[in-house]
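Just so it is clear, the values below take in all heavy atoms, side chains as well, and ignore hydrogens, waters and symmetry mates.
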Amino acid sequence: MPASHPVDSDCIFCKIVAGAIPCHKLHEDAHTLAFLDIGPIAPGHVLVIPKAHYVTLDQVPAEVAAACAAVLPRLSKAVVQAVGATAWNVLQNNGREAHQAVMHVHFHIIPVAGGRALDFKWQPGKLAGDDAARLRQSIVARLGNSELEA
Ligand code: 5GP
Ligand code: ZN
C-alpha cells in the first residue's frame with residue numbers, strides 16, 4: 001500500500017487499520033485487513049476491508065478491489081469451517097439507503113448458522129425485452145467498452 005493512501009481520521013475502520021482501535025484480526029496483507037465484526041449477525045460474521053479509505057466500491061482502484069476479492073475464498077472457507085456452517089453470504093453495502101453504516105468499503109462474510117439465513121426478501125421481477133436492451137446500452141456506454149457498443 002502506498003504511504004499516501006487515503007485515510008479519514010474520523011473513520012472507525014481507518015482507526016482499526018492504524019491500530020488506534022483494537023480488532024480481532026484474521027488476515028492482513030499489503031492492501032487488506034480482515035477481522036471479526038463487533039456486532040455479528042451470525043457466529044463467524046467477519047469483515048474484509050481495504051486498508052485505504054474509500055467510501056463505496058466504485059471508488060476502489062481495481063488492484064485494491066482484486067486484493068479484497070482474493071481474500072474472500074480462503075477466508076470464507078476458514079470461517080464456515082470454524083463455525084460448522086455450510087452456507088454463507090458475502091454482502092457489500094454501498095450508501096445509507098443500502099444499509100451502509102460504516103462509510104469505509106467493506107465486505108461481510110456471514111455464515112448461515114443453525115439454518116437461519118440472512119433475513120432479506122428476494123422479490124424477482126421480470127426483465128422485459130425493450131427495457132433490457134435500453135438498460136444494457138446505457139450500462140455498456142458507461143463502461144467505455146467500444147466493442148460492445150451498438
Ligand atoms: P454496514 O452496515 O456498514 O455494511 O456494516 C458495518 C459493520 O461494521 C457492522 O456489521 C458493524 O457491526 C461493524 N462494525 C462497526 N464498528 C465496528 C468496530 O469498531 N469494530 C468491528 N470489528 N466492527 C465494527
Ligand atoms: Zn476509513
Considering all heavy atoms, the nearest [X]-[Y] contact:
| X | Y | result |
| --- | --- | --- |
| T56 | V105 | C-CG2, 3.2 Å |
| Q59 | Y54 | O-CD2, 3.5 Å |
| L57 | N94 | N-OD1, 2.9 Å |
| V79 | P111 | CG1-CG, 3.7 Å |
| S76 | I109 | OG-CD1, 3.7 Å |

Ring pair (Phe, Tyr, Trp, His ring centres under 6.0 Å) contacts in which one or both residues fall within residues 68-93, not counting sequence neighbours: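 Listed once each, the pairs would be none.
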| said: So, taking the atom named CG in N89 and the one named CD1 in I110, what distance separates them when rounded to the nearest 0.5 Å? | reply: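 If I round to the nearest 0.5 Å, the distance is 6.5 Å.
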- What distance do C14 atom SG and K51 atom NZ have between them, rounded to the nearest 0.5 Å?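 Spacing of SG (C14) from NZ (K51) equals 12.5 Å.
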Distance-only donor-acceptor pairs under 3.5 Å for side chains of residues 66-73, two or more places apart:
none

Sequence neighbours excluded, which residues qualify as salt bridge (Lys or Arg N to Asp or Glu O under 4.0 Å) partners of R74?
->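 With neighbours one apart ignored, the set is empty.
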- Using salt bridge (Lys or Arg N to Asp or Glu O under 4.0 Å) as the criterion, list what pairs up with K25, not counting sequence neighbours.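 Expected list: E28.
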Could you walk me through whether H108 and Q92 pass the side chain to side chain contact (heavy atoms under 4.5 Å, CB included) check? CA-CA 6 Å; H108 299 259; Q92 202 276 311; over 6 Å; no
Item to complete: Mind jotting down which residue pairs meet the side-chain hydrogen bond (donor to acceptor under 3.5 Å, both in side chains) criterion with at least one end in residues 95-105? Sequence neighbours excluded, please.
Response: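 Only H53-H104 qualify under side-chain hydrogen bond (donor to acceptor under 3.5 Å, both in side chains).
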Pairs satisfying side-chain hydrogen bond (donor to acceptor under 3.5 Å, both in side chains), at least one member in residues 123-134, at least two apart: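 Those involving residues 123-134 are D131-R134.
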Quick one: side chain to side chain donor-acceptor pair (under 3.5 Å) partners of [X], sequence neighbours excluded?
| X | result |
| --- | --- |
| D8 | none |
| D119 | none |
| N93 | none |

Full working for side chain to side chain contact (heavy atoms under 4.5 Å, CB included) between R142 and S138:
CA-CA 7 Å; R142 286 169 170 79; S138 171; 2.7 Å; yes
Next item on the list: Please step through side chain to side chain contact (heavy atoms under 4.5 Å, CB included) for the pair F13 and I21, ending with a clear verdict.
Entry: CA-CA 8 Å; F13 287 177; I21 290 181; over 6 Å; no
Check which hydrophobic residues are tied to V7 through side-chain heavy-atom contacts below 4.5 Å, counting indirect links as well, and list them.
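Members other than V7 - counting any ILVMFWY side chain reachable under 4.5 Å - there are none.
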Cluster companions of M103 among Ile, Leu, Val, Met, Phe, Trp, Tyr (side-chain spacing under 4.5 Å)
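Hydrophobic cluster check, M103: joined to V55.
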I'd like to know if [Y] and [X] are part of one continuous hydrophobic network [Ile/Leu/Val/Met/Phe/Trp/Tyr, side-chain heavy atoms within less than 4.5 Å].
| X | Y | value |
| --- | --- | --- |
| V64 | F107 | yes |
| L91 | W122 | yes |
| L26 | L47 | no |

*Would you check if T86 and V80 make a side-chain contact, meaning some heavy-atom pair closer than 4.5 Å?*
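A side-chain contact under 4.5 Å is absent here.
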_L148 side chain reached by L143 side chain, heavy atoms, under 4.5 Å_ =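 L143 vs L148: side chains apart.
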Donor-acceptor pairs are to be reported for all side-chain atoms of residues 32-42 against protein atoms at under 3.5 Å, with residues two or more places apart or in another chain.
from, atom 1, to, atom 2, distance (Å)
T32, OG1, D29, OD1, 3.2
T32, OG1, D29, OD2, 2.9
D37, OD1, G39, N, 2.7
D37, OD2, H45, NE2, 3.3

